[in-house]
**Student:** 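First, the structure itself, so that you have it in front of you.
So that the names make sense, note that chain A is the first sequence line, chain B the second, and so on, each numbered from 1. Values below: every heavy atom of this structure, side chains too, minus hydrogens, waters and symmetry copies. In this text, all values refer to a predicted model and were calculated from it rather than measured experimentally.
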Amino acid sequence: MYRTHTCGELRAPDAKKTATLAGWVHARRDHGGVVFIDLRDRYGLTQVVFNPQEKPQLADLAHTLKFEDVIEVAGLVRPRPEGTLNPHIPTGQIELAADRLTILSRATPSPFEIDLAPGRSKVAEETRLTYRYLDLRRGAMQRNLLLRHKAAIAMRKFLDAESFLEIETPFLYKSTPEGAREFLVPSRANPHQFFALPQSPQVFKQILMVAGFDRYFQIVRCFRDEDLRADRQPEFTQLDLEMSFAHQGDILSLIERLMAAVLKECLGREIPLPFRRIPYREAMDQWGSDKPDLRFGMEIADVTEAVRASPFKVFSETAARGGSVKALAVPGGAGRYGRAQVDKLAQKAVALGAKGLAWAKLEKAAAGWTGPIAKFFDAAAQKEIGARAGAKDGDLLLFAADNWEKACAVLGGLRLSIGAEMGLIPADRFEFAWVVEFPMFFHSEADGKWVAGHHLFTNVHPEDAAKMEKDPGGTRSLQHDLVLNGHEIGGGSVRIHDWELQRKVFGILGMTEEEAREKFGFFIDVLKSGAPPHGGIALGFDRIVALVAGEENIREVIAFPKTHKGTCLMTGSPSRVTDKQLDELHIQLKK
RNA sequence: GGGGGUGUAGCUCAAUUGGUUAGAGCACCGGCUUGUCACGCCGGAGGUUGCGGGUUCGAGCCCCGUCACCCUCGCCA
């Protein structure tokens, strides 16, 4: 071994031991005579002293050391002289008096300094990604990847104890027409044919249930060729899981205990169980989102009935058309939001898809509303609307009038940005919730037909099974989404295990059995071969680690992430390939 | 594909209304320095202001185009 101890290990009681350390030169303080080196590895820093009175040649060599050189150094651990202890590092009571130094590797000057402090790097992300091998030496990245490892271990340990088996599924998979755009892989041995990288192991995990494996999980990479976001990478990691002979409640309770185990293991935090279970309808009504941030209040109210007879036509006509008028009371907003700020909110509302933003200020209830729409509402109407919205003196009232979903979503978007602006969102809370009872089908206006709310194999809510074919739009499914602090961190469902029901669903989606067979072929036979009731979930592993680490961007918890455009700045991928490679794959490039 | 933001030395930033030779800290190079821990002191080198074009007597600054990175809408069953 190159070392007897790590750089984070030695303490006062280790004094008088001899030790050998190996690591990177983090800092050098050269006094001409005595030279101090802070030696770094992932465990910490230890001060090494080179004293010319004790070892003159060694001190000379130490003068030549540079940042990020890799060295091995042996010597005596000794307490630091009185008055020179460093309280800022755990090894600050001791130092290593060097009597042997080996330079293992010389380093060229680093483009940026290796910052051990936690938190945001001062260096531009573009530079960090170009030199990721240096960026990963930073304290924050070391901590994040350690946390990621701990989360994965906690999940495996928990699921193993619950009799789950980790089983691998293929990356070279069949292209399927539904869902996200896929990455394609040409098959050399089969000219003109392609594999697709899986968006998720969905089909395979259901097959494992049919095969009798009962309880499966996998921490697995998934691939989607869609545009990126702060929380989306083209390849990302899921905790994928499926269980047989389980009702929806069994799956939810299992995942609750799993998340509790992860937070306990990673942060030492206890979280209260069970999580709230919120029907989709209620999530939209109260928070204007299917992934509500429950860390703060400011809930949305429905005032459609209170404005139905109003002379303000934007409201009354929306109500008459069957739309909704929703209201959001911003506490203290009357004083805080001046005309220019309200205009900005209106711009935001338009960006969220609203036609406009109606508003009123409630300085003092006795004095009535102020603002452009105040004149349309008499004292009684103002009182009723105010009461429904929960408005108090000094509040700003915001209104959205549109179809139900849009009206909710607009105020939901404003709620989030106002909450952030006003500092209402506590950073250190973990507010979990399940969103359930999603619509089984959405009507696609583009194609004029029904599309699956979740995926094609999602089971129908038992209370709605009878009306599914008569009223697809009013049918709820057994989908469940896991939400944490306003982020969707998982989604799944109880699956259809009965071929007759699956055939009905294909029918509602406008697919004949022949078309279904063409698209899903073998899977129909799988379902007909004796399929147990089963269901599962996929958790967004990167997102969970990011939230646990307090990071807003999943790139901060992925060792080698892609840029916003899906490229790798360090390796320079993607890149062109040779004509010979293309030739072997029977591929010709378009001009 | 649409909207917004950023781009000046290796890194982080500055540069009055368009005005002379584009500055600072850190890093780098040379010298000095025996108890520092953001060590200190003296000196030095380092720039196609992302790239291309335009306006102007004169452009880091204004205009057009383009590229890269970030945020976001669409998209992500």
**Student:** Categorize A:R555 for me: base, sugar-phosphate, or nothing, with a 4.0 angstrom heavy-atom threshold over every strand shown.
**Tutor:**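 Sugar-phosphate, backbone atoms only, no base.
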**Student:** Quick check for you: among B:U72, B:G35, B:C75, whose closest atom lies nearest to any side-chain atom of A:A230?
**Tutor:** B:U72
**Student:** Can you confirm whether A:R120 is buried at CZ, in the sense that more than 12 heavy atoms of other residues, nucleotides or ligands lie under 6.0 Å from that atom?
**Tutor:**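 No.
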**Student:** Both distances below 3.5 Å, Watson-Crick or wobble geometry, any strand: find the nucleotide opposite B:C32.
**Tutor:**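 Across all strands, the one nucleotide that pairs with B:C32 is B:G40.
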**Student:** B:G18 and B:C57: how far apart are their P atoms, nearest whole angstrom?
**Tutor:**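 Result for the P pair: 16 Å, nearest Å.
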**Student:** Does A:R224 get its side chain close enough to the base of B:C76, under 3.5 Å, for a donor-acceptor pair?
**Tutor:**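 No, no donor-acceptor pair under 3.5 Å.
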**Student:** Starting from C1' on B:C13, measure out to NZ on A:K122 and report it in whole angstrom.
**Tutor:** 13 Å
**Student:** Can you see if the side chain of A:H31 gets near the phosphate of B:G40 - specifically, an N or O under 4.0 Å from OP1 or OP2?
**Tutor:** no
**Student:** Which residue, A:K562 or A:S200, contacts RNA chain B at a nucleotide closer to its 5' end, judged by nearest heavy atom?
**Tutor:** A:K562
**Student:** Pick the P atom in B:C64 and in B:G3, then give their distance to the nearest Å.
**Tutor:**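 Those two atoms are separated by 13 Å.
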**Student:** So A:T567, base contact, sugar-phosphate only, or nothing? Heavy-atom distance under 4.0 Å.
**Tutor:** sugar-phosphate
**Student:** In whole angstrom, give me the gap between the P atoms of B:G65 and B:U20.
**Tutor:**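 Their P atoms lie roughly 29 Å apart.
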**Student:** Between A:F204 and A:Y216, is the ring centre distance below 6.0 Å?
**Tutor:** no
**Student:** Using the aromatic ring of A:F36 (for Trp, its six-membered ring), decide whether it stacks on the base of B:U36 within the limits of 5.5 Å and 30°.
**Tutor:**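 Aromatic stack with B:U36 present for A:F36.
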**Student:** Heavy atoms only, 4.0 Å cut-off, all strands: where does A:A59 land among base, sugar-phosphate and nothing?
**Tutor:** nothing
**Student:** Output the single nucleotide from B:U34, B:U72, B:U36 whose closest atom is nearest the side chain of A:H564.
**Tutor:**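 The answer is B:U72.
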**Student:** For B:U49 and B:A59, measure between their C1' atoms and round to the nearest Å.
**Tutor:** 11 Å
**Student:** Measure CG/A:L116 against P/B:A38 and give the value in whole Å, please.
**Tutor:** 12 Å
**Student:** In Watson-Crick or G-U wobble terms, both distances under 3.5 Å, what is the partner of B:G65?
**Tutor:** B:C51
**Student:** When you measure only distances, ignoring hydrogens and angles, does the side chain of A:R80 come within 3.5 Å of the base of B:C37 through a donor and an acceptor?
**Tutor:** yes
**Student:** Does a sphere of radius 6.0 Å around CH2 in A:W24 hold more than 12 heavy atoms from other residues, nucleotides or ligands, not counting ones at 6.0 Å or beyond?
**Tutor:** no
**Student:** Just name whichever nucleotide pairs with B:G19, Watson-Crick or G-U, keeping both distances under 3.5 Å, else none.
**Tutor:** B:C57
**Student:** Nearest to the A:E95 side chain among B:U36, B:C76, B:C70, which nucleotide is it?
**Tutor:**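 Of the options given, the side chain of A:E95 lies nearest B:U36.
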**Student:** For A:K66 and B:C29, is the shortest distance between a side-chain N/O and OP1 or OP2 below 4.0 Å?
**Tutor:** yes
**Student:** From the set B:U34, B:U72, B:C76, return the single nucleotide nearest to any side-chain atom of A:E226.
**Tutor:**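 Between B:U34, B:U72, B:C76, the one nearest the side chain of A:E226 would be B:C76.
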**Student:** Paired with B:U8 by Watson-Crick or G-U wobble geometry, both distances under 3.5 Å: which nucleotide is it?
**Tutor:** none
**Student:** Suppose you measure atom C1' in B:U56 against the same atom in B:C61; what distance do you get, rounded to whole Å?
**Tutor:** 13 Å
**Student:** Measuring only the P atom in each nucleotide, how far is B:C26 from B:C37? A whole number of Å is fine.
**Tutor:** 15 Å
**Student:** Can you measure A:D38 atom CG to B:A38 atom C1' for me and round it to whole angstrom units?
**Tutor:**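 A:D38 atom CG is separated from B:A38 atom C1' by 11 Å.
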**Student:** Reckon A:R229 has a side-chain N or O less than 4.0 Å from the OP1 or OP2 of B:C73?
**Tutor:**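 Yes, because at least one side-chain N or O of A:R229 sits under 4.0 Å from OP1 or OP2 of B:C73.
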**Student:** Between A:D542 and A:R221, is there a salt bridge with N-O shorter than 4.0 Å?
**Tutor:** no
**Student:** Considering only NZ, NE, NH1 and NH2 on the basic side and carboxylate oxygens on the acidic side, decide whether A:R137 and A:E113 come within less than 4.0 Å.
**Tutor:**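 The answer is no: the pair does not qualify as a salt bridge.
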**Student:** Taking only N and O in the side chain of A:N553, is any of them less than 4.0 Å away from OP1 or OP2 of B:C71?
**Tutor:**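 So the side chain of A:N553 is within the cut-off, an N or O lying under 4.0 Å from OP1 or OP2 of B:C71.
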**Student:** Below the 4.0 Å mark, does B:U12 have OP1 or OP2 next to a side-chain nitrogen or oxygen of A:S121?
**Tutor:** no
**Student:** A:R78 or A:S110: which one's nearest nucleotide on RNA chain B is closer to the 5' end?
**Tutor:** A:S110
**Student:** Determine whether more than 12 heavy atoms belonging to other residues, nucleotides or ligands lie under 6.0 Å from atom CD of A:E226.
**Tutor:**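 Atom CD in A:E226 is crowded, with more than 12 foreign heavy atoms closer than 6.0 Å.
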**Student:** For a quick check, tell me whether the side chain of A:R28 and the base of B:C39 share a donor-acceptor pair closer than 3.5 Å.
**Tutor:** no
**Student:** Does B:C75 pair with anything, Watson-Crick or G-U wobble, both distances under 3.5 Å, and if so, with which nucleotide?
**Tutor:**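 Partner of B:C75: none found under 3.5 Å.
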**Student:** Whole angstrom is fine here: how far is it from CZ in A:R181 over to C1' in B:G1?
**Tutor:**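 Whole-Å distance recorded here is 11 Å.
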**Student:** Expressed as a whole number of angstroms, how long is the span from A:E113:CD to B:C11:P?
**Tutor:** 12 Å
**Student:** What's the shortest heavy-atom distance between A:R132 and A:F560, and which atoms?
**Tutor:**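 Smallest heavy-atom distance, with atoms named: CG-CD2, 3.9 Å.
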**Student:** For nucleotides B:U17 and B:G52, find the distance between their C1' atoms and express it as a whole number of Å.
**Tutor:** 28 Å
**Student:** Under 4.0 angstrom, heavy atoms only, what part of the nucleic acid is A:A452 near: base, sugar-phosphate, or nothing?
**Tutor:**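 Sugar-phosphate, backbone atoms only, no base.
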**Student:** Quick check for you: among B:C69, B:C70, B:C28, whose closest atom lies nearest to any side-chain atom of A:P109?
**Tutor:**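 So the nucleotide nearest the side chain must be B:C28.
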**Student:** Using a strict 4.0 Å threshold on nitrogen-to-oxygen distance, state whether A:E421 and A:K348 make a salt bridge.
**Tutor:** yes
**Student:** For the residue pair A:F457 and A:F523, does the interplanar ring angle fall in the parallel (under 30°), tilted (30 to 60°) or perpendicular (over 60°) class?
**Tutor:** tilted
**Student:** Does A:K565 have a side-chain nitrogen or oxygen under 4.0 Å from the phosphate oxygens OP1 or OP2 of B:A68?
**Tutor:**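 Indeed, a polar side-chain atom of A:K565 lies that close.
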**Student:** What integer distance in Å separates A:L65:CG from B:C29:P?
**Tutor:** 12 Å
**Student:** Which nucleotide, B:G1, B:C69, B:U36, lies nearest any side-chain atom of A:E126?
**Tutor:**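 Selected nucleotide: B:C69.
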**Student:** Can you find a donor-acceptor N/O pair under 3.5 angstrom joining the side chain of A:D227 to the base of B:C75?
**Tutor:** no
**Student:** For A:I554 and B:C70, what is the distance between atoms CD1 and C1' respectively, to the nearest whole Å?
**Tutor:** 15 Å
**Student:** Does B:C69 have its OP1 or OP2 closer than 4.0 Å to a side-chain nitrogen or oxygen of A:T563?
**Tutor:** yes
**Student:** Touch check for A:E182, heavy atoms < 4.0 angstrom, all strands: base, sugar-phosphate only, or nothing?
**Tutor:** nothing
**Student:** Is A:R29 close enough to B:C39 that one of its side-chain N or O atoms is under 4.0 Å from OP1 or OP2 there?
**Tutor:** yes
**Student:** So, A:K66 and A:D69, do they make that salt bridge, N to O below 4.0 Å?
**Tutor:** no
**Student:** Take the protein atom CD of A:Q347 and the nucleotide atom P of B:U72, then report the distance between them rounded to whole Å.
**Tutor:** 19 Å
**Student:** Looking for any heavy atom pair under 4.0 Å, which part of the strands does A:Q47 touch: base, sugar-phosphate only, or nothing?
**Tutor:**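 Touches a base.
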**Student:** How far does the P atom of B:A14 sit from the matching atom of B:G50, given to the nearest Å?
**Tutor:** 14 Å
